[in-house]
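What follows is a short report on a single structure.
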Amino acid sequence: MKSAILSSVLPMAVALAATAGLAGKALGAEPDKQFFRSVEGKWVGPGEIVAGKYKGTKFTCSFTGSTPDGKVGMSLDGGCRVGVFTQQMSATVQHKGRQGYKGSFMGGAAGSGLDIIGGNVVDPHKVVFTINRNQLRGVMQALVPDDNSMTVTVAVRVDEQLVPVIGMKLKRIDAVEVGSIAPN
């Protein structure tokens, strides 16, 4: 049962941490690049399913964030653990011109994961993505308030309301000094 949680619900959490999900602006991409650079490095931390059938289930995740050369976007690779079960996680998001940000988690909706179909880098510290899998619609929000912490929240649409279902609090465990990165 816990393995089912990892394979069906936790990919949404990764989407935020990436991911958050990301529709961007054609011009003025500096806040976008700044956000993605802030996610580079190694992250670990706890999370919890806060609503639904598996409410109260706690898990721990570990991710490595990177940005693609010459493109606006990011990748997160790692895994999440519930008890003795571990599920590998991966997410990729890139700016696709007029289409905005597009991405996939765990192979996207065609596989066992989710598609990122839109979103917005709100500022250099916050991103909100629209996520999709069949009839499941929702959002992922990632907030990086400082160089060493990130909060990810995943909410799904129930009727006309967004209901938070997953929350994660990640801490940076590497020595990346993101505040000292000079803009290109």
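No experiment lies behind these values; they were computed from the predicted model shown.
- Here the closest heavy-atom approach between residue A51 and residue V163 is recorded as CB-CG1, 4.3 Å.
- For E30 and R37, the salt-bridge test passes: some basic side-chain N is under 4.0 Å from an acidic carboxylate O.
- For the atom pair E48 CD and T60 OG1, the distance stands at 11.5 Å (nearest 0.5 Å).
- In this structure, NZ in K71 is found 6.5 Å from NZ in K96, a value given to the nearest 0.5 Å.
- Interatomic distance, I117 CD1 to K102 NZ, rounded to the nearest 0.5 Å: 6.5 Å.
- Nearest heavy-atom pair, T67 versus G73, reported as atom, atom and distance to 0.1 Å: CG2-O, 3.5 Å.
- Scanning both residues, V44 and S62, for their nearest heavy atoms gives CG1-OG, 3.6 Å.
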Exercise. Does the pair I49 and F59 meet the rule for a side chain to side chain contact (heavy atoms under 4.5 Å, CB included), with working shown?
Worked result: CA-CA 8 Å; I49 299 174; F59 53 91; 4.1 Å; yes
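- The main-chain N or O of G100 is never found under 3.5 Å from a side-chain atom of H95 such that the two would form a donor-acceptor pair.
- Every residue two or more places apart in sequence or in another chain that forms a side-chain hydrogen bond (donor to acceptor under 3.5 Å, both in side chains) with N132 is listed here: R137.
- The two residues P164 and T153 make their nearest non-hydrogen contact at CB-CG2, 4.4 Å.
- Judged by distance alone, the side chain of R133 and the main-chain N or O of A109 form a donor-acceptor pair under 3.5 Å.
- Judged by distance alone, with hydrogens and angles left aside, the side-chain atoms of R172 form a donor-acceptor pair with the main-chain N or O of E40 at under 3.5 Å.
- Summarising the geometry, atom CG belonging to N148 is positioned 8.5 Å from atom CG belonging to D174; distances are rounded to the nearest 0.5 Å.
- With rounding to the nearest 0.5 angstrom, the CZ atom of F35 is 8.5 Å from the CG atom of L143.
- Side-chain atoms of S75 and T92, non-hydrogen and from C-beta on, do get closer than 4.5 Å to each other.
- Formation of a donor-acceptor pair under 3.5 Å by the D123 side chain with backbone atoms of H125 is found in this model.
- The two residues D77 and S90 come nearest to each other via the heavy atoms OD1-CB, 3.1 Å.
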Exercise. Could you walk me through whether V154 and I131 pass the side chain to side chain contact (heavy atoms under 4.5 Å, CB included) check?
Worked result: CA-CA 9 Å; V154 176; I131 54 176; 4.0 Å; yes
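- Going from atom CG of L114 over to atom OG of S104 covers 9.5 Å, rounded to the nearest 0.5 Å.
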Problem set entry | Worked verdict on M168 versus C61 for side chain to side chain contact (heavy atoms under 4.5 Å, CB included) | CA-CA 9 Å; M168 295 174 44; C61 296; 4.0 Å; yes
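- For the pair I166 and V50, the tightest heavy-atom approach, listed with the atom from each and the gap, is N-CG2, 3.9 Å.
- For the side-chain contact (heavy atoms from CB on, under 4.5 Å) test with F63, the passing option among M89, K42, M150 is M89; the others fail.
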